[in-house]
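The structure appears right after this line, and notes come after that.
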Amino acid sequence: MEVMNNGKLAQQLVEEAIKNKASDVHVEPLAKEVRVRMRIDGLLQELCRLPWSSYATLVSQLKVLSGMDIAEKRVPQDGRWQLNVEGRTIDLRLSTLPTIRGEKVVVRILDREQGLRRLEDLGMSTANLRIYRQMASAAHGLLLLTGPTGSGKTTSLYATLQELEREGLNLVTVEDPVEFKLEGINQVAVNRRAGLDFATGLRALVRQDPDIIMIGEIRDQETAAMAVQAALTGHLVFSTLHTNSAVGAVARLLDMGVEPFLLAAALRGVLAQRLVRRLCPHCVESYGSTLQEQQFLAQNKPLRLARGRGCERCRGTGYAGRMAVQELLPVDEYMSGLISAGAGKAALLSHGASLGWRSLYADGIEKVLAGKTTVSELWRVGISGEEIATMGHGGGEGVRYVH
């Protein structure tokens with residue numbers, strides 16, 4: 001892109017990133033120039049390279065706009081600012097990091113239009129959406145979302161809360177940070193410098209007569225214990241954990257010191273997810289599968305699969321937008337008994353399959369065969385069938401292989 005050589009350089013770069021539906025802009029000082037990249041659909045793409053002479057001006061502009069100290073270059077700083085683009089207000093969160101070549105700046109773009117979704121827009125299968133809505137409509141209990149950083153857990157939680165919000169209910173959250181302001185929902189931002197962490201915030205909000213509580217993340221034993229206790233005393237509690245699978249959330253909470261019988265009584269279900277890129281609808285094409293893809297898809301014959309050719313609309317990537325690949329583990333009375341008795345992963349998943357559980361692998365395969373994404377995307381986010389195969393159970397009932 002062509003960049004202007006004046007005081008609006010910072011704003012122009014951010015506006016270009018917003019136009020491309022990026023979630024972040026990275027300003028990185030190199031040896032002789034400045035690299036500007038934007039994160040689109042989870043991957044960084046180069047926006048432009050600028051001459052080194054523009055670096056100090058660009059960083060100073062960003063700092064001034066976000067209320068940072070432009071003279072301080074030795075320690076990290078955080079700031080915020082708002083930008084009006086095409087009639088809508090975009091929140092921008094900035095972070096600086098001193099490196100050996102200068103300050104690296106990351107601008108997080110919080111576009112309400114792009115960031116807030118409905119549950120039916122997340123890529124859930126029809127069966128998973130039905131079961132998840134049943135769990136989310138419970139009068140009380142603990143419902144967890146799991147996955148690595150950047151897997152869309154907060155987006156899924158926001159979609160859930162927006163669907164549940166209605167007159168007569170008190171919905172309260174404690175988050176770090178608050179990504180988007182939700183109308184009708186009382187949101188609390190963690191502020192560790194002031195002594196407000198997840199546990200402190202949760203301790204205060206349970207005295208606020210809540211019906212539904214959302215905890216941004218369970219990070220420690222105290223927060224875990226309080227979340228379970230809140231779920232057992234008449235509240236519906238949503239939260240997230242960093243685990244690789246739905247069943248892994250059970251082991252994680254037990255490792256945190258939650259008593260098995262308490263977890264068994266509180267837990268209503270676990271949703272694990274990853275985000276994969278959707279194929280660009282403007283350049284999608286059919287091709288013959290490779291042997292490696294056939295093996296991954298558990299097929300012994302050639303298949304016709306879909307891929308993106310790459311076009312101007314998707315910046316040559318072949319992908320446009322993202323969707324969730326998910327596995328949902330419901331918890332019924334029998335599952336609660338298994339958890340309380342300390343049953344292993346295989347036993348939990350065996351019963352889970354009878355309740356509708358399907359693995360991330362099975363859900364991913366279904367989306368590949370439906371022409372929505374690619375095998376390479378599943379590989380990129382670490383989805384494989386190895387763990388399920390070693391347990392002797394595919395978790396893939398209901399997946400219909402079409403070719």
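- For E15 and Q11, the side-chain atoms include at least one donor-acceptor pair closer than 3.5 Å.
- With no hydrogens or angles considered, no side-chain donor-acceptor pair links S125 and E366 at under 3.5 Å.
- Here R166 pairs with nothing under the salt bridge (Lys or Arg N to Asp or Glu O under 4.0 Å) rule; sequence neighbours left out.
- The existence of a salt bridge linking E28 and R35 is confirmed by a sub-4.0 Å separation between a basic side-chain nitrogen and an acidic carboxylate oxygen.
- F296 is linked by a ring pair (Phe, Tyr, Trp, His ring centres under 6.0 Å) to Y361, W379, counting only residues two or more places apart in sequence or in another chain.
- Pairs passing the salt bridge (charged side-chain N to carboxylate O under 4.0 Å, His left out) check and including a residue from residues 190-200, sequence neighbours excluded, read D176-R192.
- Look at R37 and E46 and you find no salt bridge, because none of the NZ, NE, NH1 or NH2 atoms lies under 4.0 Å from a carboxylate O.
- Side chain to side chain, R80 and S66 fail the donor-acceptor criterion of an N or O pair below 3.5 Å.
- Although no hydrogens or angles enter the test, the distance criterion places a donor-acceptor pair under 3.5 Å between the side chain of T96 and the main chain of Q77.
- Comment: R88 engages D111 in a salt bridge, judged by a side-chain N to carboxylate O separation of less than 4.0 angstrom.
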Open item on the list: As a quick check of understanding, evaluate side chain to side chain donor-acceptor pair (under 3.5 Å) for Y319 and T373, giving each step before the final call.
Closed with: CA-CA 8 Å; Y319 299 95; T373 190; 5.6 Å; no
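- Electrostatic pairing of E285 and R307 counts as a salt bridge here, judged by a charged N lying under 4.0 Å from a carboxylate O.
- Pairs engaging residues 228-246 under the salt bridge (charged side-chain N to carboxylate O under 4.0 Å, His left out) rule: none recorded [sequence neighbours left out].
- Under a 4.0 Å N-O distance rule, the pair K19/E86 does not qualify as a salt bridge.
- Residue pairs satisfying the salt bridge (charged side-chain N to carboxylate O under 4.0 Å, His left out) criterion with at least one member in residues 260-283, sequence neighbours excluded, are listed as follows: R277-E377.
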For residues 248-265, which side-chain N or O atoms pair as donor and acceptor with protein atoms under 3.5 Å away, sequence neighbours left out?
none

